[in-house]
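The block underneath contains the structure these notes are about, expressed in structure tokens.
The sequence lines fix the lettering, A, B, ..., with proteins before strands; numbering per chain opens at 1. Predicted, not measured: the structure shown is a model, and the values here were computed from it.
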Amino acid sequence: MTHVLDVIGGMFPDAHCELHHSNPFELTIAVLLSAQCTDETVNKVTLHLFQKYRTPADYLAVPLDELENDIKRIGLYRNKALFIQKLCRMLIDDYGGDVPREHAELTKLPGVGRKTANVVVSNAFGVPAIAVDTHVERVSKRLGFAKPDDSVLEVEHKLMKLVPRELWTETHHRLIFFGRYHCKAQNPQCPVCPLLDICKEGKKRMKPAPNRKAKS
DNA sequence: AACTCGGGGCA
DNA sequence: TGCCCAGAGTT
């Protein structure tokens with residue numbers, strides 16, 4: 001596992017959170033918005049959004065329609081606008097206007113599940129965590145760190161056992177970059193992958209079965 | 001466990 | 001054009 005992380009680190013020396021933000025609150029909003037869409041799209045929206053809305057009260061000061069319109073370029077925008085206003089209401093009512101630092105409290109917020117909470121605690125509060133999104137899940141299963149039918153939670157636990165705690169967050173970032181830019185869902189770059197010799201899935205893909213459709 | 005939300009990216 | 005996606009909530 002350590003060897004794999006080193007190799008990926010060589011491929012992506014500057015792997016980091018790609019969401020634009022300047023504090024825990026903005027990060028929470030950005031991660032919530034990023035569900036099922038790319039960080040690049042989120043950044044285009046938050047560039048303007050974070051100029052207009054700076055505090056939880058700012059998000060509550062406008063009608064829901066207006067907030068929806070402000071994030072309209074992002075998929076699932078109606079759900080997310082509603083989540084944001086409910087979340088801001090909870091921050092003000094229950095947390096003194098600040099984003100809670102505890103994982104268990106974060107997951108109580110609407111629109112914040114396990115993955116989002118892990119990204120917030122690790123990336124905003126420096127708490128080691130491995131956020132398992134579909135990239136991390138896919139890569140972990142292809143490389144054999146988890147089994148094909150493992151749940152997201154099981155993948156997270158197995159990764160945590162394979163890596164020392166102080167490297168959890170870095171592991172998360174590296175696996176994300178590897179999955180997003182190299183070990184992609186549709187067209188994994190197996191022919192030029194430095195991990196091919198230790199990757200079962202990669203070897204399987206390099207010599208496809210005759211009855212399988214092979215893209216070329 | 002399956003369904004829903006939804007515009008963007010990519011073939 | 002059609003398919004899939006840096007998830008989470010509801011049933």
Using atom P of each nucleotide, how far apart are C/dC4 and B/dC3 to the nearest Å? 14 Å
Under 4.0 Å between any heavy atoms, over every strand shown, what does A/Lys80 touch: base, sugar-phosphate, or nothing? Just pick one. nothing
Can you tell which of B/dA11, B/dG6, C/dG9 lies closest to the side chain of A/Arg78? B/dG6
Return the value, rounded to whole Å, for the distance between atom CD of A/Glu40 and atom C1' of B/dG9. 9 Å
When rounded to the nearest 0.5 angstrom, what is the spacing between CD in A/Glu18 and CZ in A/Arg180? 5.5 Å
Rounded to the nearest Å, what distance is computed from the CG atom of residue A/Leu87 to the C1' atom of nucleotide C/dG9? 14 Å
Quickly work out the A/Leu33 CG to B/dC5 C1' distance and round it to whole Å. 14 Å
Measuring from the side chain of A/Lys115 (C-beta onward, heavy atoms only), which nucleotide among B/dA11, C/dA8, B/dG7 has the closest atom? C/dA8
Mapping A/Lys108 and A/Arg180 onto DNA chain C by nearest heavy atom, which one lands closer to the 5' end? A/Arg180
Given the side-chain rings of A/Tyr59 and A/Phe25, with only the six-membered ring counted for Trp, is the space between their centroids under 6.0 Å? yes
Within the 4.0 Å heavy-atom criterion, would you say A/Leu109 contacts the bases, only the backbone, or no part of the nucleic acid? sugar-phosphate
Side-chain heavy atoms under 4.5 angstrom apart, residues restricted to Ile, Leu, Val, Met, Phe, Trp, Tyr: same cluster for A/Leu109 and A/Val127? yes
Across the strands shown, which category fits A/Lys86 at heavy-atom distances under 4.0 angstrom: base, sugar-phosphate, nothing? nothing
Side chains of A/His48 and A/Asp70, donor plus acceptor under 3.5 Å: no
Selected nucleotide, minimal atom distance to A/Gln36 side chain, candidates B/dG6, B/dA11, B/dG7: B/dG6
Minimum-distance nucleotide to A/Phe83 side chain [options: B/dG9, B/dC5, C/dG9]: C/dG9
Can you tell me, in whole Å, how much space there is between the C1' of B/dG8 and that of C/dG9? 23 Å
Please work out if A/Val112 contacts a base, only the sugar-phosphate, or nothing of the nucleic acid, heavy-atom cut-off 4.0 Å. sugar-phosphate
